[in-house]
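Heads up, the thing below is written out as structure tokens.
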Amino acid sequence: MPETDDFLTVTDLSLAERGAVALQNISFRQEPGQRLALVGESGAGKSTLLQCIAGLVQPTAGEIRFAGRRVKGPQEVLVPGHPGIVYLSQKSELPHSLRVEQVLRYASKRPAAEAAAVYDVCRITQLLTRRTDELSGGEQQRVALARLLLAAPRMLLLDEPFSNLDRGHKQQMQRIIQEVGEQLAITCLLVSHDSADTLPWADELLVLQQGQLIQQGPPEQVYRQPVNEYAAALLGDYSVVSGPDVRALLAAPRRKLPGTALLVRPENVQLLPTTESGVPAQVQAVRFMGSYYEAEVLLPAGSRLRARSNTAPVIGATVTVQLLASAPVFLSN
């Protein structure tokens, strides 16, 4: 059956819980195969929005439509959930002391060959004879994911799938999610608090702040042109430069500027010898970050700026600061 144009449509979605607003007038669309990621601080409404889309939480107002059908909340149906959508929570909830193959056999709606493909994608073929209480946390999560995928969904909602994993298991889970989309043709919507999870994976980011959708766009655009300091902080390090230091950095002593403060990412700052033209600054601190050094420098009017360097600047030394060519991001307050 061909995909409909309105694969997932969220329109004016709002939710109030115990007098507090959890979600407010959220609208967006997701196309088949498009990778969307929800980002926001804890309590911003990310998990709540995901659960509304899954049909597990009843919104107060608005509408969710999936493949042409309205998603009903738990107050409207006997068994919460919507056909074709599955939701992987942060905690794996598997039946205790059953063999993995038993758990998966009960859940499967796929032919044997398709089920085997799911096992391969989730890296659990070698776990089928083990009992669920013998699995590590990462193994339990992969089995829980496979159980959901055996229901032959068209959409997978992932709520912080990497939060409890060490580096090795996290990288494995990232590859699995990539293959879920590419090999099983399942559309994914991901929630994560870590920009390293969302920036390289997503086709589009949705930024939530206090239950409101404040920015939406390709990851590079949202990273380079955040709408405010909150959005900037979610995706990486930055500095805020204000006062006369702004005009000095931009070499704009008289031109009218669109804001009172400048938001600068560390990689957009270049540290040069004092013989070069630019703004003089004093090195205040240097931190070794592995593949680079991060320096904190003090500008003439008192603003502090973070910069990245391949070599370690000398603390206390004077350097020249230049901004690399990119569109400046101004803050209005």
Side-chain angles (χ1 to χ4, degrees), residues 1-9 30-36 47 50-57 64-74 76-135 138-161 172-191:
M1 185 178 70
E3 303 281 7
T4 61
D5 291 336
D6 55 343
F7 183 73
L8 176 69
T9 304
Q30 184 173 8
E31 303 301 330
Q34 185 184 27
R35 296 176 296 197
L36 289 191
S47 294
L50 224 61
Q51 291 164 8
C52 286
I53 295 171
L56 303 176
V57 169
I64 304 167
R65 299 191 71 85
F66 177 70
R69 295 177 55 192
R70 186 174 72 86
V71 175
K72 297 178 181 180
E76 304 173 84
V77 295
L78 187 61
V79 179
H82 188 81
I85 301 177
V86 292
Y87 170 75
L88 183 67
S89 67
Q90 297 180 37
K91 296 182 179 180
S92 303
E93 298 176 354
L94 298 175
H96 190 67
S97 300
L98 288 180
R99 288 197 310 277
V100 170
E101 60 185 354
Q102 290 177 291
V103 173
L104 298 178
R105 186 169 65 247
Y106 298 152
S108 184
K109 296 181 181 178
R110 293 180 181 269
E114 290 185 14
V118 169
Y119 302 159
D120 287 342
V121 166
C122 293
R123 278 67 162 176
I124 62 165
T125 302
Q126 76 283 5
L127 303 177
L128 294 177
T129 59
R130 302 255 302 273
R131 290 204 324 265
T132 53
D133 58 328
E134 297 173 337
L135 304 178
E139 291 169 340
Q140 287 184 27
Q141 189 181 42
R142 300 203 306 274
V143 171
L145 174 59
R147 183 170 64 162
L148 293 175
L149 299 180
L150 287 173
R154 297 168 64 192
M155 183 165 196
L156 171 63
L157 307 177
L158 296 150
D159 193 351
E160 298 281 7
Q172 184 179 53
M173 193 65 174
Q174 288 172 330
R175 289 191 294 269
I176 289 171
I177 291 172
Q178 184 81 17
E179 292 175 15
V180 164
E182 295 174 350
Q183 299 184 24
L184 303 181
I186 296 172
T187 300
C188 296
L189 175 54
L190 168 71
V191 162

>> Applying side-chain contact (heavy atoms from CB on, under 4.5 Å) to Ile124 and Leu104, what does each step give before you reach the verdict?
In response: CA-CA 11 Å; Ile124 62 165; Leu104 298 178; 3.6 Å; yes
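With rounding to the nearest 0.5 Å, the separation of SG in Cys122 from CE in Met173 is 7.5 Å. To the nearest 0.5 Å, the span separating CD on Gln126 from CG on Leu128 amounts to 8.0 Å. Separation of atoms CG (Leu158) and CG (Leu50) is listed at 8.0 Å; rounding is to 0.5 Å. With rounding to the nearest 0.5 angstrom, the OG1 atom of Thr129 is 8.5 Å from the CZ atom of Arg99. Between the CG atom of Leu157 and the OG atom of Ser47 there is a distance of 11.0 Å, given to the nearest 0.5 Å. Atoms CE and CZ, from Met155 and Phe7 in turn, are 6.0 Å apart once rounded to the nearest 0.5 Å.
With sequence neighbours excluded, the residues forming a side-chain contact (heavy atoms from CB on, under 4.5 Å) with Glu114 are Arg110, Pro111, listed by chain and number. Every residue meeting the side-chain hydrogen bond (donor to acceptor under 3.5 Å, both in side chains) condition with Arg130, not counting sequence neighbours, appears here in chain and number order: Glu139. In terms of the side-chain hydrogen bond (donor to acceptor under 3.5 Å, both in side chains) criterion, Arg147 has no residue partners (sequence neighbours excluded). With sequence neighbours left out, the side-chain contact (heavy atoms from CB on, under 4.5 Å) criterion links Gln140 to Ser92, Leu94, Leu135. Residues passing the side-chain contact (heavy atoms from CB on, under 4.5 Å) test with Ser97 are Arg131, Asp133, sequence neighbours excluded. Scored by the side-chain hydrogen bond (donor to acceptor under 3.5 Å, both in side chains) test, Gln183 finds no partners at all (sequence neighbours excluded). Asp120 meets the salt bridge (Lys or Arg N to Asp or Glu O under 4.0 Å) test with no other residue; sequence neighbours excluded. Partners of Arg105 by salt bridge (Lys or Arg N to Asp or Glu O under 4.0 Å), not counting sequence neighbours: none found. Remark: Ser108 engages no residue in a side-chain hydrogen bond (donor to acceptor under 3.5 Å, both in side chains) (not counting sequence neighbours).
Looking at Pro153 and Leu148, their side chains never come closer than 4.5 Å, going by heavy atoms from C-beta outward. Taking 4.5 Å as the limit, some side-chain heavy atom of Leu150 sits within range of a side-chain heavy atom of Tyr119. Annotation: side chain of Leu8 is in contact with side chain of Ile64 (closest heavy-atom distance under 4.5 Å). Taking the side chain as every heavy atom from C-beta outward, Gln172 and Ile176 approach each other to under 4.5 Å. Considering only heavy atoms from C-beta on, Ile53 stays 4.5 Å or farther from Val71 through its side chain.
Thr132 and Pro95 make their closest contact through OG1-O, 2.6 Å (heavy atoms, listed as atom of the first residue, atom of the second, distance). Nearest heavy-atom pair across Ala67 and Arg154 is CB-NH1, 3.4 Å.
The one candidate from Ile186, Ile177, Leu184, Thr187 that meets the side chain to side chain contact (heavy atoms under 4.5 Å, CB included) condition with Leu156 is Ile186.
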Can you give the donor-acceptor pairs under 3.5 Å from side chains of residues 76-86 to other protein atoms, not counting sequence neighbours?
| from | atom 1 | to | atom 2 | distance (Å) |
| --- | --- | --- | --- | --- |
| Glu76 | OE1 | Arg70 | NH1 | 3.3 |
| Glu76 | OE1 | Arg70 | NH2 | 2.6 |
| Glu76 | OE2 | Gln58 | NE2 | 3.1 |
| Glu76 | OE2 | Arg70 | NH1 | 3.4 |
| Glu76 | OE2 | Gly73 | N | 3.0 |

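Applying the salt bridge (charged side-chain N to carboxylate O under 4.0 Å, His left out) test to every pair with at least one member in residues 173-190, sequence neighbours left out, gives these pairs: Arg123-Glu179.
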